[in-house]
Amino acid sequence: MLGILGGMGPLATIDFMQKVVMRCGVGSDQEHMPMLVHNVPQIPDRSACILKGSEDPFPAMLDGLHRLEESGATCVVIPCNTAHFWFERLQAETSMTMISILDCVMAEIQQRNLSRIGVMATSATVAAGLYQRRIDAMGGQTLLPDELGQARMMEAIYAIKAGCMEEGTAMMEAIFADLKDQGAESVILGCTEIPVGLARLAMEQPEACLDATALLADACVHWYYDSPALAA
């Protein structure tokens, strides 16, 4: 049973669930992967905590994790990149399997042998170095928006969260184009609102996008359908 610690934000959670469903490749309702979803948007803002020291979201995330475990989940994922700042702490509090969205992206980078990687993410994800540290460790180069571009990135993310799709998409497309102009071989869509805003672009240029949400969905499908217990 897959548990989804979601609500960060709710639209991104729905996008993740849809990607899981579309990747299952089955022929009936009954063959689909069962999912338990904790879609509670009232979890305190992750970026505000990391950047400004505001309310800590960890207790609320831990409560959601425990609720999923008590409800029968055996594997949990978090379709929010910034929330992975607390991933190890959450993992230490449960015996359930947890799949990291960061690990999924890095595995794809290694598989594709990429060396110059753009990162579109929240300012908190960037400030915490969640992707840069891993890219540096594998000998790659990280390309980021400049200060103004990063500020626009946050505006775009919150526009998508607010349902202002055209506004958010236009800003995201401009930032993506700038990173490609800098020489990025591919760009990490490293906030789960970004694949929502750049859905058309990701479909048209899949080789230029590292859709963290889609890569996490792929890992979940692999976990469920290729598990020894199911095969038995």
Side-chain angles (χ1 to χ4, degrees), residues 8 12 16 19 23 46-47 49-51 75-92 97-154 156-157 171-198 201-223 226:
M8 302 176 278
F16 170 72
K19 285 172 176 171
R23 282 163 166 72
R46 285 65 59 200
S47 291
C49 176
I50 294 170
L51 296 173
C75 175
V76 170
V77 294
I78 310 170
C80 172
N81 291 261
T82 308
H84 280 65
F85 182 81
W86 294 272
F87 184 86
E88 287 77 12
R89 285 181 64 191
L90 290 166
Q91 193 171 41
T97 298
M98 292 184 68
I99 302 173
S100 164
I101 199 170
L102 305 179
D103 290 346
C104 294
V105 173
M106 295 311 301
E108 181 70 8
I109 288 171
Q110 291 179 311
Q111 183 176 333
R112 290 171 55 183
N113 196 30
L114 301 172
S115 59
R116 290 173 60 82
I117 301 118
V119 175
M120 294 175 67
T122 66
S123 295
T125 294
V126 172
L130 297 185
Y131 280 112
Q132 300 98 295
R133 288 200 307 270
R134 288 166 171 80
I135 293 169
D136 289 347
M138 59 168 277
Q141 180 183 0
T142 306
L143 301 173
L144 297 168
D146 60 20
E147 185 176 350
L148 178 59
Q150 188 58 46
R152 295 285 283 174
M153 185 76 260
M154 290 304 295
I157 289 168
M171 288 188 282
M172 288 179 181
E173 287 179 344
I175 295 164
F176 180 91
D178 181 65
L179 290 172
K180 289 292 292 177
D181 287 345
Q182 289 183 45
E185 298 168 87
S186 195
V187 177
I188 298 172
L189 311 186
C191 168
T192 45
E193 273 75 34
I194 297 174
V196 176
L198 293 183
L201 187 149
M203 185 177 297
E204 293 173 353
Q205 302 181 48
E207 74 290 341
C209 300
L210 290 155
D211 181 344
T213 305
L215 293 170
L216 181 61
D218 287 336
C220 292
V221 170
H222 175 74
W223 165 80
D226 297 334

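Because the structure is a prediction, the values reported are computed rather than measured.
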Tell me, please, which residues at least two apart from Phe87 pass ring-ring contact (aromatic ring centres under 6.0 Å, His included). His84
Please check this pair: side chain of Asn81 against backbone of Gly190, looking for a donor-acceptor N/O pair closer than 3.5 Å. yes
Can you list the steps and then say if Lys180 with Gln182 is a side-chain contact (heavy atoms from CB on, under 4.5 Å)? CA-CA 5 Å; Lys180 289 292 292 177; Gln182 289 183 45; over 6 Å; no
Exactly one of Thr125, Ile117, Leu102 clears side-chain contact (heavy atoms from CB on, under 4.5 Å) with Ile188, and that residue is Ile117
So which atom in Arg112 and which in Cys209 form the shortest heavy-atom distance, rounded to 0.1 Å? NH1-O, 3.7 Å
Please check if the side chain of Thr97 supplies one atom and the backbone of Cys75 the other of a donor-acceptor pair under 3.5 Å. no
Check whether the side chains of Thr82 and Thr122 place a donor and an acceptor atom closer than 3.5 Å, and report yes or no. yes
Would you please test Thr192 and Ile101 for side-chain contact (heavy atoms from CB on, under 4.5 Å) and show each step? CA-CA 10 Å; Thr192 45; Ile101 199 170; 4.2 Å; yes
Quick one: does any side-chain atom of Arg116 pair with a main-chain N or O of Ser186 as donor and acceptor, under 3.5 Å? no
Is a salt bridge present between Asp218 and Lys19, judged by a nitrogen-to-oxygen distance below 4.0 Å? no
Going through the distances and angles, do Phe85 and Arg46 end up as a side-chain contact (heavy atoms from CB on, under 4.5 Å)? CA-CA 9 Å; Phe85 182 81; Arg46 285 65 59 200; over 6 Å; no
Ser115 side chain to Glu185 side chain, donor-acceptor N/O pair below 3.5 angstrom: yes
Check step by step if side-chain contact (heavy atoms from CB on, under 4.5 Å) holds for Thr142 and Asp136. CA-CA 8 Å; Thr142 306; Asp136 289 347; 4.2 Å; yes
Whether the Asp146 and Gln150 side chains hold a donor-acceptor pair (N or O, under 3.5 Å, no angle test) is what I'd like checked. no
Got a sec, which residues hit salt bridge (charged side-chain N to carboxylate O under 4.0 Å, His left out) with Arg134, two or more places apart in sequence or on another chain? none
